Protein chains: 2
Amino acid sequence: MPKLDPSLLSPLPPFSRLPRDQISQILDHATAKRFDAGVAIFDEGDAADRFFLLLDGYVRVVRLTPAGEQVIALHIPSGQLFGIAKALQRTTYPATAMTAVESVVLCWPSRLWDGFVTNYDGFATETYKTVGDRLGEMHNRIAEMATLHVEQRIANALLRLINQTGRKTEHGIEIDFPITRQDISEMTGTTLHTVSRLLSAWQKDGIVESRRKHIVVKDPHRLVILTDS
Amino acid sequence: MPKLDPSLLSPLPPFSRLPRDQISQILDHATAKRFDAGVAIFDEGDAADRFFLLLDGYVRVVRLTPAGEQVIALHIPSGQLFGIAKALQRTTYPATAMTAVESVVLCWPSRLWDGFVTNYDGFATETYKTVGDRLGEMHNRIAEMATLHVEQRIANALLRLINQTGRKTEHGIEIDFPITRQDISEMTGTTLHTVSRLLSAWQKDGIVESRRKHIVVKDPHRLVILTDS
DNA sequence: AATTTTGTTTGTGCAAGATCAAAGAACGGG
DNA sequence: CCCGTTCTTTGATCTTGCACAAACAAAATT
C-alpha cells in the first residue's frame, strides 16, 4: 500500500482544521480503493462495518423497490463522506451506493467512527452538517414529487446536476459524467420514454443538446422558467 | 410556572439512563407550552433558537411549495424531539411544525444543545438515531412517490398512520386524531378528490369506515394487499 | 467486419388521475 | 335553532404520461 499524502484530506471541511500529523494518523487507518464504473460499493442491508470518503469520481445512492425498480435518492460529489450509517446509529446500510464512473474512495472501519468524533475537532460538526444538507435535499425532493409535473421535475433535476457537476464549455454547461435517460427517469420518478421525448423537444427548442450518455444545457435560464410555470 | 416532574422525561429514550437529579436539572431549563390544534409552533425559515419535545398531542412537519401548496413531510408522535436544527448545524428551521391537535411541548434554548450532548449520556446517541430513522422514512417516501400509484401510496399512508397512532376499537383500528382527506392528499401528493373517491370505494368494500375527520381501518390486511399489486 | 449489447427515438392507444363544478352533510358559534 | 364554515361526495370532462411496440444508432465484443 503506497503511503497516502496528507494533502488529500487537508482541503476537505471535516479535516481542514487539523494539524498535519493528525491527518497522517487518520490516513494510516484508511485504505484506498478503486472501483470501476457502475459497481456497488456496498449494498442495502449489508452490515455497516465501514465508512467512506469519495476522493475522486461520482457515486449514486440508490434504492431498490420491492417491485425491483431502482430509485436514485442522492448523488455524492467527490470530497464527501458517505456510508456513515454509524453516525446515525445504524448497523446496516439503508441503501446501495453505486459508482457512476470509475471512482476512488478511502475507507475506514466503522469502529473508528467514535474516535474520530471525539478526537478530531470539527469532524462531527461538519459531518452532521452534510447529513442536515442531505435531509433538506430529500425534503425538497418529496415536496417536488408531490406537487410538480414531470417536465418541471426533470428541469429541476438537470439544474441540480449542472450546479453540482457542471463544466462550462463553449456550447453551454455540460454534465461531466455519463448519464442516461434511464438515470434521469430514476431520479425523477418517470419513465425513460418520457425523458427521451422531453429532451428531444428541448433539443428542438435549443435548450439542451445531447448525445448518448451526454447532456449539455445550452440555456439554463429557459430551464429555470420551465421550473415554475 | 409549576415545577415539572422528572417522571415526565424518565421513560423517554434520550433521558432514560439519567439519574433523577440530572433530569431535574434538565427540566429546570425547560418551559412547557400548550398549543391549540392547527397552529404553527415554528415556521420554515425562522431562526432555530429553540428545540422541542412533544409531551402530548401530535405535530406535523409541513413544507410550503413556491406555488403555495402544502406538503406534509413527517408526523411527530408524542415523546419525540423535534425542531432540533442545531443538531444538524442549521441556524434556521427547514420546515414548519404545526399541531394536528391540541398539544403540549417542552422547549429549551438551542444554546443548551451542546451541553446536553456532552453532559448527558446517551442523549446524542438516541437523538441521532431518530434523525437516522426519519432520514430512512424520507428515503422510503421518495421511493414510494417515484414508483407507486396513488392507490398504493394512500394505502401505505394509512398503514403508517395506524402503526404510529392506531387505537384498537371493536370495529377495527382507529386513527386517534382528526385527519381530513385534504391531509391525506398532502401526505401522498394527490388531490383530496381522489382520496375521497378511494375511501368511499374502500368503505363500500368494507376495508375502512370513515366519518368526518375520522378513519377506522377495519381490515388492515386488505390494505397491505393493495400495497403491492 | 460481423454480431451482440446497450442506449435512444418515436408512434399509438389507453387509463389514471387532475380539474372543474356543484351540491350535500356535519359541525360550531351566536 | 339558524347560519356560515368546513369537510365530503359525486359527476363530467380533459390532460398527462404510461404501456407496448418497433426500429434505429452507437458502442463493445468476437
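None of these values were measured; they are calculated from a predicted model. Residue numbers begin at 1 in each chain, while the letters A, B, ... track the order of the sequences.
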Measure from CD on Gln203(A) to C1' on dT10(C) and round the result to the nearest Å. 14 Å

Pull out every residue in residues 141-161 of chain B that has a heavy atom closer than 4.0 Å to any atom of DNA chain D, ordered by number, or say none. none

Quick one: Trp202(B) CH2 to dT9(D) C1', roughly how many Å, whole number? 17 Å

Spacing of Leu198(B) atom CG relative to dG11(D) atom C1', expressed in whole Å: 17 Å

Any side-chain donor-acceptor pair under 3.5 Å between His214(A) and Glu174(A)? yes

I'd like a list of close polar pairs between nucleotides 25-28 of chain D and the protein, N/O only, cut-off under 3.5 Å.
none

In whole angstroms, the gap separating C1' of dC7(D) from CG of Leu199(B) amounts to 13 Å

Using a heavy-atom distance cut-off of less than 4.0 Å, which residues of residues 185-194 of chain B contact DNA chain C? Thr190(B), Thr191(B), His193(B), Thr194(B)

For dT10(C), take OP1 and OP2 only and decide whether either is under 4.0 Å from a side-chain N or O of Ser196(A). no

Classify the side chain of Arg197(A) versus the base of dG11(C) as yes if they form a donor-acceptor pair under 3.5 Å and no if they do not. yes

Mind calculating the distance between CG (Leu226(A)) and P (dT16(D)) to the nearest angstrom? 14 Å

CG on Leu198(B) to OG on Ser185(B), rounded to 0.5 Å: 12.0 Å

For a 4.5 angstrom cut-off between non-hydrogen side-chain atoms, does Thr99(A) reach Ile41(A)? yes

ring-ring contact (aromatic ring centres under 6.0 Å, His included) for Phe52(B) and Phe42(B)? Distances and angles first, verdict last. CA-CA 10 Å; Phe52(B) 304 84; Phe42(B) 54 78; 5.5 Å; yes

Taken to the nearest 0.5 Å, the spacing of Ser103(A) OG from Met98(A) CE works out to 11.0 Å

Please determine which of Asp219(B), Leu226(B), Val224(B) meets the side-chain contact (heavy atoms from CB on, under 4.5 Å) test together with Arg222(B). Asp219(B)

For the CE atom of Met138(B) and the CZ atom of Arg134(B), what is their distance to the nearest 0.5 Å? 10.5 Å

Arg160(A)/Glu144(A) ion pair, N-O < 4.0 Å: yes

hbond_proxy Arg181(A) side chain to dT10(C) base (donor-acceptor, 3.5 Å cutoff): no

Using a strict cut-off of less than 4.0 Å between a Lys/Arg side-chain nitrogen and an Asp/Glu carboxylate oxygen, indicate whether Arg60(A) and Asp183(A) qualify as a salt bridge. yes

Can you say whether the rings of Phe51(A) and Trp108(A) are parallel (under 30°), tilted (30 to 60°) or perpendicular (over 60°)? parallel

Please give, in whole Å, the distance from dC7(D) C1' to Asp183(B) CG? 11 Å

Among Asn140(A), Thr227(A), Thr188(A), which one satisfies side-chain hydrogen bond (donor to acceptor under 3.5 Å, both in side chains) with Asn156(A)? Thr227(A)

